[in-house]
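Below is one structure, written out as structure tokens, with a few remarks after it.
Start at 1 and go down the list; that is how both ligands and their atoms are numbered.
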Amino acid sequence: MDGAVELVDQTLLPDKCVMLRIQTVAELVDAIRRLAVRGAPALGVAGALGVVLADGDPGQIAELRAARPTAVNLAWGVDQAAARLGHGREAVLAAALRVRDDDIAACRAMGERGADLLEGDRLRIMTVCNSGGLAAVERGTALGVVQTLHERGRLTEVLALETRPLLQGARLTTWELARMGAPHRLIADSAGPYLLAKGEVDAVLIGADRIAANGDTANKIGSYALALGAERAGVPFIVVAPESTIDQSTPTGDQIEIEDRGADEIVTIRGVRVAPEGTPALNPAFDVTPHDLISAIVTEQRVIRP
Ligand SMILES: CSC[C@H]1O[C@H](OP(=O)(O)O)[C@H](O)[C@@H]1O
């Protein structure tokens, strides 16, 4: 890190792969808020590296830590680096790079553990949003399990929800699956529960933004609907997330703050208005899946049965 944080501007994918060179906390906060960088583990790494850019300024560190509320990883990553502030810039940088390197190792371990957990040699996997390397550093969480299954020759296909309103599935997950050569089809969000009911899916794999102490899990809006559909269809519903996403200080999902991202993302698609001018909208960016609808939580260290 030569005084800058470099990251892919995910708002431009899949059309353009452009690297952003971030040199100030203000630039990083903006990138986080507009989802140029997004995904819980990636936010943790960005937050940790952002503490180096803050150069000890407590106001900038506080603003960085609060840039998005739901993914616990952002605050956790900031805290990991900030804990070394009294030991000089090099110590803070070393802590931030450790967050990055630990995430790389964690995603590979989750991929292995998740693939080992699943039974069957020709698996049809459904997923929502994006939980690949773009949402982490490399390989990702739920999509890291998909990549491991693919590498082991055990993947039939991925059914990826487009993931309205910001289309992380349509734009990012398909882009990552195409790059890894994994067979996939894109579906409308509302087709997910129906295809589960039709027996088209062997397992649902999702990432997570915050896992409460009782296992209730906040993830992209639409996850809860898949959990309900999976439960009724008797299909395993598996959360894949690093230990840093588990928040023991939050007792249940009721205490998880769900980010509301405003009406514009609902009434427009990529800048084109799709509802009458002035249409009011509600835009919770996440929902909470109760622990009793979750078959297993796979981390880099263990499989948890909530
Ligand atoms: C690997 S966890 C990624 C997680 O973050 C996403 O949210 P956003 O795109 O708003 O950052 C989504 O909830 C994914 O499951």
Side-chain angles (χ1 to χ4, degrees), residues 7-11 13 29 31-47 67-77 103-104 106-111 114 125-147 158 160-176 189 192 204-211 216-227 237-247 253 256-262 265-266 283-289 294 297-300:
L7 49 85
V8 175
D9 184 341
Q10 297 185 38
T11 65
L13 288 172
V29 168
I32 290 169
R33 286 179 176 156
R34 64 187 183 86
L35 277 73
V37 55
R38 46 143 302 276
L43 292 177
V45 175
R68 289 184 74 194
T70 304
V72 65
N73 303 65
L74 176 56
W76 173 85
D103 186 71
I104 292 171
C107 286
R108 183 165 290 278
M110 284 184 277
I125 302 296
M126 181 173 283
T127 193
V128 60
C129 199
N130 172 256
S131 56
L134 288 169
V137 182
E138 294 174 2
R139 298 181 76 89
T141 60
L143 224 56
V145 175
V146 164
Q147 184 161 358
V158 177
L161 272 67
E162 61 179 351
T163 315
R164 280 271 292 146
L166 294 181
L167 302 174
Q168 288 92 325
R171 295 186 299 110
L172 308 177
T173 296
T174 57
W175 186 78
E176 291 191 309
D189 296 332
V204 177
L205 300 179
I206 69 166
D209 292 85
R210 190 182 298 249
I211 301 170
D216 294 348
T217 295
N219 194 57
K220 185 53 52 189
I221 191 79
S223 302
Y224 178 44
L226 288 190
F237 184 88
I238 296 169
V239 174
V240 185
E243 290 283 334
S244 55
T245 304
I246 300 174
D247 176 11
I256 298 177
E257 182 181 351
I258 299 300
E259 180 183 11
D260 184 302
R261 293 187 54 84
E265 291 179 359
I266 300 295
N283 181 14
F286 302 95
D287 57 27
V288 175
T289 298
I294 297 172
I297 298 172
V298 175
T299 79
E300 67 275 27

Exercise. Tell me the residues surrounding ligand 1, counting only those with a heavy atom closer than 4.0 angstrom, sorted by chain and number.
Key: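 For ligand 1, the residues that come within the 4.0 Å heavy-atom cutoff are L35, R38, G39, A40, P41, R68, C129, N130, S131, A135, T141, Q168, G207, A208, D209, N219, K220, F286.
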Quiz item: Between R261 and E259, does a salt bridge (charged side-chain N to carboxylate O under 4.0 Å, His left out) hold up when you go through it step by step?
Solution: CA-CA 6 Å; R261 293 187 54 84; E259 180 183 11; 2.8 Å; yes
Quiz item: Side chains of T11 and D9: do they bring a donor and an acceptor to under 3.5 Å?
Solution: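 Short answer, yes.
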Practice problem: Would you check if there is a donor-acceptor pair between the side chains of T173 and N130 at a distance under 3.5 Å? | Solution: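 There is such a pair (donor and acceptor under 3.5 Å, judged by atom type) between the side chains of N130 and T173.
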Self-check item: Worked verdict on T299 versus E243 for side-chain hydrogen bond (donor to acceptor under 3.5 Å, both in side chains)
Solution: CA-CA 6 Å; T299 79; E243 290 283 334; 2.7 Å; yes
Quiz item: Roughly how far, to the nearest 0.5 Å, is CZ of R171 from CG of L166?
Solution: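 Rounded to the nearest 0.5 Å, the CG-CZ separation comes to 6.5 Å.
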Exercise. Check whether any side-chain heavy atom of F237 sits under 4.5 Å from a side-chain heavy atom of L226, and report yes or no.
Key: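 Result yes, sub-4.5 Å side-chain heavy-atom pair found.
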